[in-house]
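Quick caveat: nothing in here was measured; it's all calculated off a predicted structure. For the single chain, residues carry numbers from 1 onward in sequence order.
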Amino acid sequence: MENATHALYMAAAFLVFISAFSYSLYMVNKLNTTANTLVYRLDETNYYDSLDLTELIADSDNTTNSYKIVSIDSIIPVLYKYYRESYTVRILDEDGELLQLFDTTVEGEVMTATNLLSSRRTDRQKALLSLYGDSDKACYMFGAPWLGSTNKDTKERIDMYISGDSGYINNTWVDYSGNYLRQYEDRQFQEIFSEYTYEGDTITSEDGEETLTGTRQTSAKIVITYQLLP
């Protein structure tokens, strides 16, 4: 009889433990959901509209283009989406010279090339660094240190570029005080919104143009170019 009573006590204690454990898991999950919701709502860039491709106008068999005149107020939300939606943003001056590039693929290659010894760099990597690794050029990328933590550091890089700030990102000094978006607050840009299909790898030359090489499965790429108007 005593053993049966003891067994009942143990069974009851086990049921209480299971109930308490289940409730604890529920509360942890609830807290996690609440925290994620708060973080999402605090980041105002989550409320920017996604790109709408339905308004594009086809002008050739493999290229689609759309043109309009915009201010920096239209450019800013596009910048905050480029690394999430995997498209390219190019910002040019009045003469078509590249001021800044936002492209996670190119940035990743620049970061890799920067960390290699010069003797071990491929021709492509040398070409990329001649354009994006030269501190005398407006489109200098500082070695793309923001790719260490895409959501946090890439957003910080965009913040700096928009406002003309400087600071450390992953122990690398990034300085946009001489080349930033808000200096064009009273200017207009021509937006060229294009999507094209291609086969092969791409190599970016010093003038920012891309050349196809090699063989690879056909892919599509979206490029948004903002050229400063006189």
Can you find a pair of side-chain heavy atoms, one from [X] and one from [Y], that are under 4.5 Å apart?
X	Y	result
I158	W146	no
Y132	L98	yes
V174	E156	no
M141	T114	no
T154	Y80	no
C139	L131	yes
Q190	I69	yes

Quiz prompt | By ring-ring contact (aromatic ring centres under 6.0 Å, His included) - contacts of F102 (at least two apart) | solution =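 Expected list: Y82, Y161.
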How far apart are the closest heavy atoms of [X] and [Y], and which atoms are they?
X	Y	result
T225	V223	OG1-CG1, 3.8 Å
Q125	R120	OE1-O, 4.1 Å
E107	L101	OE2-O, 3.9 Å
L229	R187	O-NH2, 2.9 Å

Quiz item: Residues in side-chain hydrogen bond (donor to acceptor under 3.5 Å, both in side chains) with R121, at least two apart?
Solution: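 With sequence neighbours excluded, R121 shows a side-chain hydrogen bond (donor to acceptor under 3.5 Å, both in side chains) to no residue whatsoever.
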Quiz item: Who passes side-chain hydrogen bond (donor to acceptor under 3.5 Å, both in side chains) against D93, sequence neighbours left out?
Solution: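 None.
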Say you draw a straight line from [atom1] of [X] to [atom2] of [Y]; how long is it, rounded to the nearest 0.5 Å?
X	Y	atom1	atom2	value
K68	F189	NZ	CZ	14.5 Å
Q227	D95	CD	CG	8.0 Å
E109	L128	CD	CG	5.5 Å
D103	R90	CG	CZ	10.5 Å
E191	Y67	CD	OH	11.5 Å

Quiz prompt | I224 vs I192, side-chain contact (heavy atoms from CB on, under 4.5 Å): CA-CA, chis, key distance, verdict | solution = CA-CA 6 Å; I224 309 169; I192 306 170; over 6 Å; no
Quiz prompt | Pair listing, salt bridge (Lys or Arg N to Asp or Glu O under 4.0 Å) test, anchored in residues 162-184, at least two apart | solution =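 Applying salt bridge (Lys or Arg N to Asp or Glu O under 4.0 Å) to every pair that reaches into residues 162-184, excluding sequence neighbours, yields R182-E185.
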Quiz item: Do I169 and M160 pass the side-chain contact (heavy atoms from CB on, under 4.5 Å) test, and can you show the C-alpha distance, the side-chain angles, and the key distance before you say yes or no?
Solution: CA-CA 11 Å; I169 298 179; M160 287 183 178; 4.1 Å; yes
Quiz item: In the hydrophobic clustering that connects Ile, Leu, Val, Met, Phe, Trp and Tyr at side-chain heavy-atom distances below 4.5 Å, which members other than L117 occupy its cluster, ordered by chain and number?
Solution: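 Besides L117, the cluster holds no residue at all.
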Quiz item: Linking Ile, Leu, Val, Met, Phe, Trp and Tyr by side-chain heavy atoms under 4.5 Å, what else ends up with W173?
Solution: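 Y168, listed by chain and number.
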Self-check item: Derivation of the salt bridge (Lys or Arg N to Asp or Glu O under 4.0 Å) call for R157 and D153
Solution: CA-CA 6 Å; R157 179 251 182 146; D153 295 333; over 6 Å; no
Quiz item: Do Y180 and I91 sit in the same hydrophobic cluster, where Ile, Leu, Val, Met, Phe, Trp and Tyr count as joined when their side-chain heavy atoms come under 4.5 Å apart?
Solution: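 In one cluster: no.
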Quiz prompt | N115, CG: over 12 other non-hydrogen atoms inside 6.0 angstrom | solution =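 Yes - once you tally the heavy atoms of other residues, nucleotides and ligands closer than 6.0 Å, there are more than 12.
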Quiz item: If only atom types and distance count, is the side chain of K126 paired as donor or acceptor with the main-chain N or O of S118 below 3.5 Å?
Solution: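 No, K126 side chain to S118 backbone: no donor-acceptor pair under 3.5 Å.
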Exercise. Examine distances only and state if a side-chain atom of Y226 and a backbone atom of V70 form a donor-acceptor pair shorter than 3.5 Å.
Key: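 No; zero donor-acceptor contacts below 3.5 Å.
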Quiz prompt | Ring-ring centroid check Y176 F142, cutoff 6.0 Å | solution =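 Here the rings of F142 and Y176 have centres that are less than 6.0 Å from each other.
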Exercise. Please step through side-chain contact (heavy atoms from CB on, under 4.5 Å) for the pair Y184 and I75, ending with a clear verdict.
Key: CA-CA 11 Å; Y184 307 116; I75 300 174; over 6 Å; no
